[in-house]
Amino acid sequence: MSTSTISQDLPEPSNNSRPINGLAKLAQRLAPVRVYLLLASLVVSMILLFLEAPFGDYHIHALSHSLALGGQSPLPTIYSWTNNQWQLAQLEMLIDNFFVFVYGSTLITWCYFFANNSLFVLDGSPEPGATSKLMRRLGELLAMLVFAGMAADLIENVVINSWFIESVTFVPPSWFWRIIVIIKFVPIVAAIWYISLHPLGILYSFLELLPTYNHAFQANSLRLRTYAQHGQQTMETIQQKAVDKENQEPIPPHEPQRKRFWWLLTLWTSLLGIQFLVYLLLFMHIVINLGQFDEVFFLLLSSSASVVQLFPSIFWLLASLLCLSAMLYVTSKILLYLKPTVGIDSEDTEAISDALRARKSEFQLIQIIPLLFVALPFLITLIAFLSSYFGLPATERSNPLYVYRFMVLIILLLSVGSLIQYLFYKGHSRSQDETSLALFIPSSPAKDYALLVRLAPKSILFGQGLLSLLLILFVPTQLGLFIAQAIGLHTILFLWLCAVAYLGTLLIQFNRLPIYPLALGLVIYVVVASTFNDNSTIRQTSERDKYVANRPSFDTYFSQWYNNPWRKSHADTAAMPVVIIASEGGGIRAAGWTTACLHQLDSIMPGFGRYVFGISGVSGGGVGAATYVALRRAKAGPTEDSLVGHLTRQVVSSDLISPVMAAMLFRGGFHNFSPVPLTALDRSRWLEDAWENALFKQIPSNTSKASDIIQDLVRTDSVHRILSTSFLQCFDSERDSTRFPLLFLNSSVAETGQKVILSPLTLDNTPTSLQNQQSQTNPFYDTVDLFGVTQHDIPFKTAAFLCARFPFVTSGGRAEGQLPNMKRDCKPAFHLIDGGYVENTGIMTAVQIIRRLQQITRKNPNAYKVRFYLLFLRNGQTSDQAVAKSTFRFLSEPLTGFLNAADRQGISLDQLVAYTIKRNSTDVSNELGFSYINLALDRSTGHQYPLGWYLSPTATNELNEAARKGVISLLKNQLTPFRNYLTNAKPTLNQPSN
């Protein structure tokens, strides 16, 4: 369609004047300065973020939200602040009171503006259509709701300000506070969503700031509406001519050059036009058949909840499939609308009408393709569920409960899929499809978008509205974390595919070379932005330097540990056992196996944990060790073994994969386009936060049994905040932390390949210490002591997951400092990645720890009478059958090779250590000077545990049972001397651990 044919004499669209209330009058007066209001809101919000930064995750508004969501009182944290922090928080609240009126007037003005000026509202028809009425009324309604949200925000500020008065101890009930927060945020989110539905309107409004683009919105929007109106009128004219000729000549003229298999060529040409969607469905099929999705599906079958209780999960699954089906229908139609038609003169209406009649069969065939895409998501999901079910062990597959739930799920999937397919077929209208296919000749992105809004307003609203809603929910706030855990992994993937389908469709069709190279420009922009937007800086504590300088050495700490009367019986003549545990990596499977083994060791051999000096954990093994140590600190005592075991199983079976995937797909994808680093969008942080929420959500904050150590440690009445406090503070020797095992978490440096250890003790391998002659005798030579390098402390939850930075899923953690064996003037920034890159078992670090302790004990053999044990918790297996990949080997081999090698290297190291020393536990006269014990998980039978961040409760229970049997076997065969020592020390073991 030539732009020269656009009519300039079309009538102005009717504004349909209506009564204007006071709020509308105010918005009308502020409309000319709406852009300045928006900029002012952004500036004030950045000032508030700057003021909140020193408080980390516990600024005043975060405390308010934790009260609403978790019932946690903010007063203990506020009372622990310094005077400077009080003043800073009060300044923040003062500015926030002003911010309420700034953002409120901004949102109200923009909502009213687009309720009267947008492509959706001003369609130029004498009588506004349904979409026009909906968008007008919705904008006005949201503007009024924002006013109500401002009132709720002011109420919240009044109560928060009262918390700074020491004589006031009033904290509203969590249910009341939750209502206030909802009234505050829902209108804001809805108004932002409504405004985001008008991208061209926002762009043209900003152009008005430039002197050469005065009245840009009015001029450009009128031009776009005129273009769209003329295009639609031309289509209606041609369609009417085609109908008239059809009535005069029912049989269309024969096409001379029509090939015999025209339908096959038409179908193939159309599929090439929408091949992007085909690739997207292929990707969906591959991903949904991964092991982690199998485990989430298995939860629907094995959960102890009833079908009614599982209804929310099933509802979100079916709802997301419905959204994906509808999105594929919309995007496939858009792609076919914008497909250039060759051989038709766009300005000759007679020729176009004749061509439409001649090629009517082809156009009708093309119209069926979007309807076929409606069923494909349901079909792919059905195939994946069938594959997952029949991949279960026979004992699980034949369980009557599993069979019943599986049949219910499949019936629901087939029923909803068939119903949706029927409704789409029934509601399909062909009134304008043929003319649209023939006439939509792309011109420019803005004009194409305007014409699409004119032709298919409901489709554009659905696609654009869903995309905006997903970004608003998952990107800016922590609310997305709770939403992700509520809707589940399948739903997150399907919703992300919806967003990719819509964005990809617009990008493909608006990318018109050589004038509009949008794809090339976007790639160049992302590449350039990636050099400036590294947002992976690891979290730090507010007192980030205090405990780093006070870290004890191995000599000092081991002396305290050995001579602690809580552990040592002075009447004993046998050597004290000193156990170092190495926990192998392997995602959530390793975490589950580690927690199960540690729990069973403490349960079957009471007092075992007090002789564990430290745990060397890698990846998931480190997370499992951190989970158990944190729970032990929160619930210390031999009488609570069963409670700790129950809590560990709950934590391991909590849904950590959904927040990780949501953060990676939505937050990570959005941040790729940011020109500056936004640390709040670091996708690894949601994994830490989800683990923190899972770890202590079952422990009452006001429990009378909570450890006094923890109460003193976090200076609050909530055990929940242990994971946000300093990692080193948790092992501060002044707080008698020698009663708990130390954590030695293994990570890697991406830039140098060096191993990193997060240790509560100094490793004496700083760049300065390595210059002396004794550096070669240091067992930790060339190992990075993270706290010694950075001189900054980090939260406990961050430390736990620095060793578990799974490739691609989570980002590397950025830190700065001088690494060992580098030039003194070289203090680069480096990134910490998964410890499995260097060594996935933790054995090497465990041996290094033992060697360092042996150096101490051999210097003074009269002071220390000890016997060292290395206990390896291996979750690898040796009985897998290799299955060669016949397709896409060049893509799959590098990644699968790395993962399988890392998963299996524990077997080789296990055999190496076992045959290097003598396996007889009564003989320690081996070269390495310690006894070696192996506690391995046999994965050759029973449930197949995935390599991810979710483990079903059934799989967790099986891990716990396997650990119980393994510990009993060890106690009978290899731990006899250890058992005898525990028996001799029985009076000491009966002392209360609190």
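The first residue in the sequence is number 1, and the count goes up from there.
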Subject >> Residue pair F830, V789: steps toward the side chain to side chain contact (heavy atoms under 4.5 Å, CB included) verdict >> reply: CA-CA 11 Å; F830 55 91; V789 168; 4.0 Å; yes
Original post:
Could you give the distance from CZ (R851) to CZ (F868), rounded to the nearest 0.5 Å?
Top reply: 13.0 Å
Original post:
In terms of ring plane angle, is the pair F613 and F744 parallel, tilted or perpendicular, where the classes change at 30° and 60°?
Top reply: parallel
**OP:** Drop me the distance from Q600's CD to T595's OG1, to the nearest 0.5 angstrom.
**Re:** 10.0 Å
Subject >> Reported CZ-to-CG distance for the pair F872 and L935, which is rounded to 0.5 angstrom >> reply: 10.5 Å
**OP:** Inspect the contact between R852 and D555 and indicate whether a charged nitrogen and a carboxylate oxygen are less than 4.0 angstrom apart.
**Re:** yes
Original post:
With under 30° as parallel and over 60° as perpendicular, where do the rings of F796 and W691 fit, or are they tilted in between?
Top reply: parallel
Original post:
Going through the distances and angles, do F474 and I483 end up as a side chain to side chain contact (heavy atoms under 4.5 Å, CB included)?
Top reply: CA-CA 8 Å; F474 288 110; I483 295 176; 4.1 Å; yes
Subject >> Backbone of P953 reached by a side-chain donor or acceptor of N957 within 3.5 Å >> reply: yes
Original post:
Are L832 and V784 close enough that some pair of their side-chain heavy atoms sits under 4.5 Å apart?
Top reply: no
**OP:** Report yes if some heavy atom in the side chain of K755 is under 4.5 Å from a heavy atom in the side chain of M844; otherwise report no.
**Re:** yes
**OP:** Answer whether the closest heavy-atom distance between the side chains of L742 and Y557 falls below 4.5 Å.
**Re:** yes
Original post:
Does V548 offer a backbone N or O that forms a donor-acceptor pair with the side chain of Q791 under 3.5 Å?
Top reply: no
Original post:
Between L763 and Q848, does a side chain to side chain contact (heavy atoms under 4.5 Å, CB included) hold up when you go through it step by step?
Top reply: CA-CA 10 Å; L763 303 184; Q848 289 174 309; over 6 Å; no
Original post:
Where do D655 and P659 come nearest, in terms of heavy atoms and distance?
Top reply: O-CD, 3.6 Å
Original post:
Is any side-chain heavy atom of F787 less than 4.5 Å from a side-chain heavy atom of F727?
Top reply: yes
Original post:
Heavy atoms, side chains only, cut-off 4.5 Å: are R539 and K797 in contact?
Top reply: yes
Subject >> I60 and I78: CA distance, side-chain angles, deciding distance, side chain to side chain contact (heavy atoms under 4.5 Å, CB included) verdict >> reply: CA-CA 8 Å; I60 189 66; I78 294 176; 3.7 Å; yes
Original post:
Which atom names give the shortest non-hydrogen contact between G609 and D602, and what distance separates them?
Top reply: N-OD1, 2.8 Å
**OP:** Look only at the side chain of S747 and the backbone of I833, and say whether a donor-acceptor pair between them is shorter than 3.5 Å.
**Re:** yes
**OP:** Go through the side-chain N and O atoms of T798 and E688 and say whether any donor and acceptor fall under 3.5 Å apart.
**Re:** yes
Original post:
Are any side-chain N or O atoms of W593 and backbone N or O atoms of L959, one a donor and one an acceptor, separated by less than 3.5 Å?
Top reply: no
Subject >> Smallest separation among heavy atoms of S748 and V838, with atom names >> reply: OG-CG2, 3.2 Å
Subject >> Straight-line distance of L871 CG to F608 CZ, nearest 0.5 Å >> reply: 5.5 Å
Original post:
Is there a donor-acceptor contact under 3.5 Å linking the side chains of Y950 and E295?
Top reply: no
**OP:** Report yes if some heavy atom in the side chain of L743 is under 4.5 Å from a heavy atom in the side chain of L758; otherwise report no.
**Re:** no
**OP:** Without swapping roles, check the side chain of S536 against the backbone of G812 for a donor-acceptor pair under 3.5 Å.
**Re:** yes
Original post:
If only atom types and distance count, is the side chain of R551 paired as donor or acceptor with the main-chain N or O of S759 below 3.5 Å?
Top reply: yes
Original post:
Can you tell me how far the OG1 atom of T790 sits from the CG atom of D785, to the nearest 0.5 Å?
Top reply: 8.5 Å
Original post:
Within the side chain of S583, is there an N or O that forms a donor-acceptor pair under 3.5 Å with the backbone of G622?
Top reply: no
Original post:
Is any side-chain heavy atom of I615 less than 4.5 Å from a side-chain heavy atom of T594?
Top reply: no
**OP:** State whether R814 and D682 are salt-bridged, where the test is any N-O pair (Lys NZ or Arg NE/NH1/NH2 against Asp/Glu carboxylate O) under 4.0 Å.
**Re:** no
Subject >> Main-chain N/O of A662 paired with R667 side-chain donor or acceptor, under 3.5 Å >> reply: no
Original post:
Quick one: does Q85's side chain have a donor or acceptor within less than 3.5 Å of a partner on T82's backbone?
Top reply: yes
Original post:
Does some side-chain heavy atom of L802 sit less than 4.5 Å from a side-chain heavy atom of L745?
Top reply: no
**OP:** Taking all non-hydrogen atoms of both residues into account, name the closest pair between T810 and A804 and its distance.
**Re:** OG1-O, 4.1 Å
**OP:** Give me the ring orientation class for F558 and W561: parallel if the planes are under 30° apart, tilted from 30 to 60°, perpendicular past 60°.
**Re:** parallel
**OP:** Would you check if there is a donor-acceptor pair between the side chains of S684 and R805 at a distance under 3.5 Å?
**Re:** yes
Subject >> Distance, nearest 0.5 Å, that separates CG of L761 from CG of L728 >> reply: 9.5 Å
Subject >> Closest non-hydrogen atom pair between A800 and V623, with its separation >> reply: O-CG2, 3.6 Å
Original post:
Do E961 and R964 sit within salt-bridge range, that is, some charged N less than 4.0 Å from a carboxylate O?
Top reply: yes
Original post:
Just by modelled atom types, is the I757 backbone N or O under 3.5 Å from a matching donor or acceptor in the N746 side chain?
Top reply: no
Subject >> For the student: nearest non-hydrogen atoms of N875 and L937, plus distance >> reply: CA-CB, 3.9 Å
